[in-house]
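Working notes, structure below.
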Amino acid sequence: QVQLVESGGGLVQAGGSLRLSCAASGSIFSINGMGWHRQAPGKQRELVARITSLGGTIYAGSVKGRFTISGDNAKKMVYLQMNGLKPEDTAVYYCESGSYYWGHGTQVTVSS
């Protein structure tokens, strides 16, 4: 069993920055395969960024160059640094592991 707990969401003005954190516990041996998704009101959940099984990173086109995913295997933490935030980034952000385990989400609201 894996537990994922997100933190770091909040309200920020357009152009601002936030850093999301995901703390993993339980039967998780690597942060590889973990990532961030988001779901805006009335929209489907979408992938934002992920650490691949080989330790690389992938990003949604809409966040590439603005968001950075990183992690610390020893601490079982995954982070999402979000810069240059836009109102369209407003959503609930979810941490996931292997697209199987999910956190409860953290709200990010970007005001114009």
Side-chain angles (χ1 to χ4, degrees):
Q1 197 67 303
V2 173
Q3 294 80 42
L4 303 174
V5 179
E6 304 97 334
S7 61
L11 173 63
V12 65
Q13 287 189 333
S17 298
L18 282 175
R19 188 194 195 205
L20 304 183
S21 298
C22 174
S25 61
S27 302
I28 186 164
F29 303 103
S30 173
I31 61 171
N32 290 358
M34 291 184 64
W36 292 92
H37 284 64
R38 68 185 180 188
Q39 187 165 19
K43 294 188 177 182
Q44 287 190 330
R45 192 174 295 190
E46 62 175 359
L47 173 69
V48 176
R50 173 177 284 146
I51 301 173
T52 69
S53 58
L54 296 178
T57 55
I58 57 174
Y59 296 92
S62 59
V63 308
K64 197 173 292 186
R66 299 189 297 124
F67 292 10
T68 303
I69 189 170
S70 63
D72 185 327
N73 247 327
K75 296 180 180 178
K76 295 185 181 178
M77 295 287 297
V78 176
Y79 308 99
L80 185 68
Q81 178 67 43
M82 306 186 294
N83 299 327
L85 282 162
K86 304 175 181 180
E88 51 263 43
D89 294 318
T90 295
V92 178
Y93 284 70
Y94 298 91
C95 178
E96 54 89 5
S97 175
S99 298
Y100 186 79
Y101 296 102
W102 295 82
H104 290 294
T106 185
Q107 176 71 47
V108 171
T109 302
V110 184
S111 63
S112 57

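Predicted model, so just to flag it, every value in this text is computed and none were measured.
The two atoms that bring Cys95 and Met34 nearest to each other are SG-CE, 3.7 Å, heavy atoms only. In terms of heavy atoms, Ser17 sits closest to Gln81 at CB-NE2, 4.0 Å. Between Glu6 and Gly105, the shortest heavy-atom contact is OE1-N, 2.9 Å. Of all heavy-atom pairs between Lys76 and Ile31, the closest is CA-CG2, 4.2 Å. Residues Arg66 and Gly84 share a closest heavy-atom pair of NH1-O, 2.9 Å. Nearest heavy-atom pair across Ser30 and Asn32 is OG-N, 3.0 Å.
In this structure a side-chain-to-backbone donor-acceptor pair under 3.5 Å is present from Thr106 to Gly9.
To the nearest 0.5 Å, atoms OG1 (Thr68) and CZ (Arg19) are separated by 11.0 Å. In this structure, CD on Gln13 lies 9.5 Å from OG on Ser112, to the nearest 0.5 angstrom. Annotation: the span from Leu18 atom CG to Met82 atom CE amounts to 4.5 Å, rounded to 0.5 Å.
The shortest distance between side-chain heavy atoms of Phe67 and Leu20 does not fall below 4.5 Å.
By the rule that hydrophobic residues join a cluster once side-chain heavy atoms approach within less than 4.5 Å of another member, Tyr101 and Tyr79 end up as members of separate clusters. Val48 and Tyr59 fall within a single hydrophobic cluster, where Ile, Leu, Val, Met, Phe, Trp and Tyr are joined by side-chain heavy atoms under 4.5 Å apart, directly or via other members. With hydrophobic clusters built from ILVMFWY side chains whose heavy atoms lie under 4.5 angstrom apart, Leu80 does not share a cluster with Tyr94. Tyr93 and Val12 end up in the same hydrophobic cluster when Ile, Leu, Val, Met, Phe, Trp and Tyr side chains are linked at under 4.5 Å. Hydrophobic clustering of Ile, Leu, Val, Met, Phe, Trp and Tyr side chains at less than 4.5 Å, counting indirect connections, keeps Tyr100 apart from Leu47.
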| task | Would you check, one step at a time, whether the test side chain to side chain contact (heavy atoms under 4.5 Å, CB included) holds for Arg38 with Arg45? | result | CA-CA 5 Å; Arg38 68 185 180 188; Arg45 192 174 295 190; over 6 Å; no
| Steps toward side chain to side chain contact (heavy atoms under 4.5 Å, CB included) verdict (Gln3, Gln1) | CA-CA 7 Å; Gln3 294 80 42; Gln1 197 67 303; 3.2 Å; yes
| request: Would you check, one step at a time, whether the test side chain to side chain contact (heavy atoms under 4.5 Å, CB included) holds for Glu96 with Arg50? | output: CA-CA 9 Å; Glu96 54 89 5; Arg50 173 177 284 146; 2.7 Å; yes
| query | Does the side chain to side chain contact (heavy atoms under 4.5 Å, CB included) test come out yes or no for Leu4 and Ser97, once each step is laid out? | reply | CA-CA 8 Å; Leu4 303 174; Ser97 175; 4.1 Å; yes
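When the options Ile51, Val63, Ile69 are evaluated for a side chain to side chain contact (heavy atoms under 4.5 Å, CB included) with Trp36, the one that passes is Ile69.
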